[in-house]
K.L.:
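Handing you this structure, nothing more for now.
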Amino acid sequence: MTQIAKNTTGRKLGLVIDLDTCVGCHACAVACKEWNDGGHMAPLTDENPYGAEPFGVWFNRIHAFEAGPSVQSGCGGDTRTVHFPRSCLHCEQPDCVTVCPTGASYKRGEDGIVLVDEDKCIGCKLCSWACPYGAREYDYASGTMKKCTLCVDRIYNQNLPPAERQPACVMVCPTSARAFGDLGDPGSDVSRRVAERGGVDLMPDLGYQPVNKYLPPRARSAAAASAPLSDAAANADGDPDIGQRLLRWVDRVLSR
Ligand code: SF4
Ligand code: SF4
């Protein structure tokens, strides 16, 4: 069992993802794949890309959910699509780290980034079973586990201009739905965004304490805010906020 390193600085680097402005273009996923095909965790393999069962290693995957009062009845109406980017949340209590029998998975004390040391990984996949968010990616070509590194080889890269020392996914997002920063600093831009928009943890009841935060979609209108949300409504008794209900719905879908 691997111990989680004590945070030595109070820094908690992570992402804030705005579900209101994400348009599901996949630019972040593609930029992530492109950057990480070289550098720290490279290469990210693609197997049988044009076959019946293509397989590839992606650190960032985008899901789209249709939600609204008429989803269940199937009669059309005031539904909306929620695009949901999913990657490692760099949890404060990551069981993916504690289950690792070799110490390959670790959480850095200086900034909270969760990484895998490929030289120590034996490919047992225990970490992927321990991650409730499906954020681990097994690479069949190398026989090792891979995951989002928060672009650790960009954010400290002295060869890049300061403005480019951000994760590739953040740099490329056309709607600025992704932001990077120190969520351990209440005065940082990302912390302010979370406070202003009521940012939330994904599946907080599991106790992993994700560092990444999601900003819920805004209600389009007062009517939409109070309308029942089919699947979501079943789990959202008395919750007046459409964004929170959508997020619960997304939570439930991901946890199936
Ligand atoms: Fe580990 Fe999954 Fe949390 Fe990332 S999201 S730190 S892989 S438990
Ligand atoms: Fe550790 Fe690798 Fe096994 Fe994951 S697959 S638990 S990183 S040895």
Side-chain angles (χ1 to χ4, degrees), residues 7 10-24 28 59-68 80-96 107 112-114 131-135 148 150 167 169-170 173 175-222 224-256:
N7 190 302
R11 297 181 82 215
K12 298 175 187 176
L13 297 184
L15 299 174
V16 172
I17 299 171
D18 190 342
L19 298 181
D20 194 59
T21 54
C22 174
V23 293
C28 54
F59 293 166
N60 186 21
R61 295 178 184 265
I62 321 302
H63 304 273
F65 303 103
E66 194 69 14
R80 68 184 291 181
T81 304
V82 177
H83 302 286
F84 186 84
R86 178 174 59 94
S87 59
C88 174
L89 303 154
H90 299 279
C91 306
E92 292 192 64
Q93 297 297 327
D95 281 357
C96 64
K107 183 171 175 70
I113 299 176
V114 174
C131 172
Y133 306 114
C148 160
L150 216 53
C169 59
V170 174
C173 179
T175 65
S176 299
R178 305 175 73 90
F180 162 73
D182 183 4
L183 287 145
D185 173 4
S188 68
D189 283 348
V190 281
S191 293
R192 273 200 292 273
R193 279 181 86 164
V194 170
E196 285 167 8
R197 289 280 307 284
V200 293
D201 290 353
L202 182 63
M203 296 188 279
D205 44 314
L206 298 178
Y208 280 62
Q209 300 176 29
V211 170
N212 286 11
K213 302 286 182 259
Y214 286 93
L215 306 183
R218 295 180 175 98
R220 287 181 179 142
S221 63
S226 60
L229 264 178
S230 63
D231 205 5
N235 224 21
D237 293 341
D239 187 341
D241 184 272
I242 191 173
Q244 294 290 340
R245 282 184 282 152
L246 279 170
L247 203 61
R248 287 186 195 188
W249 181 79
V250 171
D251 281 354
R252 288 178 54 207
V253 171
L254 283 176
S255 61
R256 276 179 195 154

K.L.:
Can you check whether Asn60 reaches Pro85 side chain to side chain, under 4.5 Å on heavy atoms?
P.N.:
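Of all side-chain heavy-atom pairs linking Pro85 with Asn60, at least one is under 4.5 Å.
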K.L.:
Mind checking whether Pro210 and Tyr133 have side chains closer than 4.5 Å, heavy atoms only?
P.N.:
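Yes, close enough: below the 4.5 Å cut-off.
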K.L.:
Contact between Tyr214 and Leu89 at the side-chain level, heavy atoms closer than 4.5 Å - yes or no?
P.N.:
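Yes, side chains in contact.
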K.L.:
Within the structure provided, determine whether Leu215 and Val16 are in side-chain contact (heavy-atom separation under 4.5 Å).
P.N.:
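A side-chain contact under 4.5 Å exists here.
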K.L.:
Kindly write out the residues that satisfy side chain to side chain donor-acceptor pair (under 3.5 Å) with Asp185, not counting sequence neighbours, or none if the list is empty.
P.N.:
none
K.L.:
Do you know the tightest heavy-atom contact between Ala177 and Thr21?
P.N.:
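Shortest heavy-atom contact: CB-OG1, 3.4 Å.
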K.L.:
Just wondering, do Cys28 and Ile62 contact through their side chains at under 4.5 Å, heavy atoms?
P.N.:
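In short, these two side chains touch, coming nearer than 4.5 Å.
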K.L.:
Measure from the side-chain N and O atoms of His83 to the backbone N and O of Ala64, and report whether any donor-acceptor pair falls under 3.5 Å.
P.N.:
no
K.L.:
Would you indicate whether the side-chain heavy atoms of Leu202 and Phe84 approach each other to under 4.5 Å?
P.N.:
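Yes; the side chains approach each other to less than 4.5 Å.
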K.L.:
Kindly give the heavy-atom pair with the smallest separation between Asn7 and Arg11, and that separation in Å.
P.N.:
ND2-O, 3.0 Å
K.L.:
Rounded at 0.5 Å granularity, tell me how far CG in Asn212 sits from CZ in Phe180.
P.N.:
10.5 Å
K.L.:
How far apart are the closest heavy atoms of Ala135 and Arg86, and which atoms are they?
P.N.:
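That would be N-NH1, 4.2 Å.
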K.L.:
Could you pull out all residues at least two apart from Arg197 that satisfy side chain to side chain donor-acceptor pair (under 3.5 Å)?
P.N.:
Asp18
K.L.:
Minimum heavy-atom separation for Val211 to Gly14, with atom names?
P.N.:
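For Val211 versus Gly14, the nearest heavy atoms are CG1-CA, 4.0 Å.
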K.L.:
Do the non-hydrogen side-chain atoms of Leu15 and Cys148 ever get within less than 4.5 Å of each other?
P.N.:
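SC-SC contact between Leu15 and Cys148 ruled out.
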K.L.:
Which residues pass the side chain to side chain donor-acceptor pair (under 3.5 Å) test with Lys213, sequence neighbours left out?
P.N.:
Asp201
K.L.:
Which residue pairs satisfy the salt bridge (charged side-chain N to carboxylate O under 4.0 Å, His left out) criterion with at least one member in residues 175-184, sequence neighbours excluded?
P.N.:
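Non-adjacent pairs meeting salt bridge (charged side-chain N to carboxylate O under 4.0 Å, His left out): zero.
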K.L.:
Looking at Gln93, is its backbone amide N or carbonyl O close enough to the side chain of Lys107 to form a donor-acceptor pair, meaning the two atoms are under 3.5 Å apart?
P.N.:
no
